[in-house]
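What follows is a set of notes on a single structure, which appears directly below.
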There are 2 protein chains.
Amino acid sequence: MEKDLGALVMGLGRRLIAMEQPILARHGVSMWGYVVLTALRDNPMRTQAALAASINADKTRLIPVLDELQRRGLIEREPDPRDRRVRLLGLTPDGRDLQQRVQTDIRKDEKSLMSEMSDEEQAAFRRHLEKLS
Amino acid sequence: MEKDLGALVMGLGRRLIAMEQPILARHGVSMWGYVVLTALRDNPMRTQAALAASINADKTRLIPVLDELQRRGLIEREPDPRDRRVRLLGLTPDGRDLQQRVQTDIRKDEKSLMSEMSDEEQAAFRRHLEKLS
DNA sequence: TATTGTTATACTCTATAACTATA
DNA sequence: TATAGTTATAGAGTATAACAATA
């Protein structure tokens with residue numbers, strides 16, 4: 001009775017979310033907040049729309065997230081002087097620190113989740129996930 | 001800049017959903033409808049609550065799904081004569097056929113998705129997913 | 001006129017609580 | 001009184017459309 005790939009992936013997704021939730025709560029950041037911080041660490045963005053597209057989010061539902069992150073001093077978000085319609089986005093030092101701390105905690109849990117696999121198996125699994133996603 | 005496991009899994013999940021949606025639409029069944037049919041094929045259930053628990057769903061949000069499947073003659077859903085509070089659930093022959101057809105189509109797409117991996121790699125990937133999910 | 005960001009609105013999904021029917 | 005199922009309601013999350021500012 002072989003399960004669909006979809007069911008397996010959904011199961012793992014649920015498990016990872018359950019794992020990450022206490023970590024995110026401990027650091028006082030939402031899932032979307034963390035996703036945004038991570039995206040901006042990887043590359044600063046010139047527009048909110050580009051950021052939204054890069055994380056498969058709607059631009060409108062990002063706005064409350066950005067408001068909150070900015071209010072807490074975790075991101076910079078200033079109008080581009082050369083085109084004042086766009087908002088230049090980037091992490092503040094505090095934002096970079098927080099992203100790093102959350103990611104470290106998440107990595108630790110992921111590592112223990114996969115601890116039954118050998119290092120080579122873990123690498124292959126990650127590699128396949130990257131190719132498929 | 002290594003990505004979180006969560007991001008990779010979510011990406012694959014989105015991709016699989018996008019892949020399955022046209023198939024489900026073609027067969028006129030919803031995602032939850034297919035999940036229910038698959039769960040009942042694997043083992044008939046004595047109560048709706050047990051079915052809900054087995055697929056990580058709330059029992060209340062299953063009811064419209066069961067109504068629809070029953071209306072279309074895809075499931076049986078009759079009160080247990082020995083305790084008329086509970087509904088015995090199972091597939092009709094039509095339901096079993098439909099589940100089989102949808103699953104065959106989904107398997108075909110999954111196979112092409114993973115076609116760049118060798119048979120052994122595919123098996124290992126599935127095995128790891130099963131262990132982790 | 002076109003584009004970025006924002007706000008307002010509606011829609012979907014899900015969960016909570018109240019109700020019924022059986023036991 | 002307790003349990004299975006159902007219905008009604010409310011809440012969260014998301015998307016759509018209208019709007020304001022700038023080009």
Side-chain angles (χ1 to χ4, degrees), chain A residues 6-7 10-11 13-18 20-21 24-25 28-36 39-40 43-71 75-90, chain B residues 6-7 10-11 13-18 20-21 24-25 29-36 39-40 43-71 74-90:
Chain A
M10 288 304 156
R14 260 195 303 268
R15 189 167 173 190
L16 288 171
I17 287 173
E20 292 178 5
Q21 225 131 42
L24 295 168
V29 66
S30 69
M31 180 81 74
W32 279 113
Y34 175 63
V35 170
V36 166
L40 290 179
N43 31 306
M45 300 270 180
R46 216 181 76 83
T47 71
Q48 297 181 183
L51 171 62
S54 79
I55 60 178
N56 293 292
D58 190 283
K59 63 175 180 166
T60 63
R61 89 182 183 215
L62 226 56
I63 289 174
V65 178
L66 295 174
D67 289 347
E68 165 79 359
L69 294 174
Q70 184 179 28
R71 190 186 62 73
I75 63 169
E76 289 180 357
R77 185 199 202 185
E78 27 177 297
D80 182 345
R82 290 182 304 181
D83 181 347
R84 305 221 311 287
R85 289 175 304 182
V86 318
R87 304 280 178 273
L88 301 174
L89 300 170
Chain B
M10 287 304 154
R14 260 195 303 269
R15 189 167 173 189
L16 288 170
I17 287 173
E20 291 178 7
Q21 225 130 43
L24 296 169
V29 66
S30 69
M31 179 84 71
W32 279 113
Y34 174 63
V35 169
V36 165
L40 290 179
N43 30 307
M45 302 269 178
R46 217 182 75 82
T47 71
Q48 297 182 180
L51 171 62
S54 78
I55 59 178
N56 292 291
D58 190 283
K59 64 173 178 166
T60 63
R61 88 184 185 213
L62 226 57
I63 289 173
V65 179
L66 295 174
D67 289 347
E68 166 79 359
L69 293 174
Q70 185 180 26
R71 190 186 61 74
L74 300 171
I75 62 169
E76 288 179 359
R77 186 199 201 183
E78 28 176 295
D80 182 345
R82 289 181 305 181
D83 180 349
R84 304 218 314 285
R85 290 174 303 180
V86 318
R87 305 280 177 273
L88 302 174
L89 300 169

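Below, read A as the first sequence line, B as the second, and so on, with proteins coming before strands; counting in each chain starts at 1. Just so it is clear, the structure is predicted and the values come from calculations on it, not from any experiment.
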Checklist entry - Where do Q48(A) and K59(A) land on the side chain to side chain contact (heavy atoms under 4.5 Å, CB included) test, with the steps shown first? => result CA-CA 7 Å; Q48(A) 297 181 183; K59(A) 63 175 180 166; 5.8 Å; no
- [ ] Verify side chain to side chain contact (heavy atoms under 4.5 Å, CB included) between D67(A) and R77(A), making sure each step is shown before the conclusion.
- [x] CA-CA 9 Å; D67(A) 289 347; R77(A) 185 199 202 185; 2.8 Å; yes
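Every residue two or more places apart in sequence or in another chain was checked for a side chain to side chain contact (heavy atoms under 4.5 Å, CB included) with A53(B), and none qualifies.
Taking only side-chain nitrogens and oxygens, R77(A) comes nearer than 4.0 Å to OP1 or OP2 of dT6(C). Contact annotation: W32(B) side-chain N/O to dT14(C) OP1/OP2 distance is under 4.0 Å.
Here CD of E76(B) is found 10.5 Å from CG of L40(B). Values are rounded to the nearest 0.5 Å.
Contact check for M31(B) versus I17(B): side-chain heavy atoms found under the 4.5 Å cut-off. Residues R71(B) and L69(B) are not in side-chain contact: their nearest non-hydrogen atoms beyond the backbone lie 4.5 Å or more apart.
For the pair R46(A) and D80(A), the salt-bridge criterion is met [side-chain N within less than 4.0 Å of a carboxylate O].
On the nucleic acid side, DNA chain D contacts chain B at distances under 4.0 Å to non-hydrogen atoms, with the end points of that region at dA2(D) to dT7(D).
Remark: of the listed residues L89(B), L74(B), L66(B), V29(B), L66(B) is the sole one forming a side chain to side chain contact (heavy atoms under 4.5 Å, CB included) with V36(B).
DNA chain C is contacted by T47(A), Q48(A), A49(A), K59(A), T60(A), I63(A) of residues 47-68 of chain A, taking any non-hydrogen atom closer than 4.0 Å.
Rounded to an integer number of Å, the gap from CZ of R85(A) to P of dT6(C) is 14 Å.
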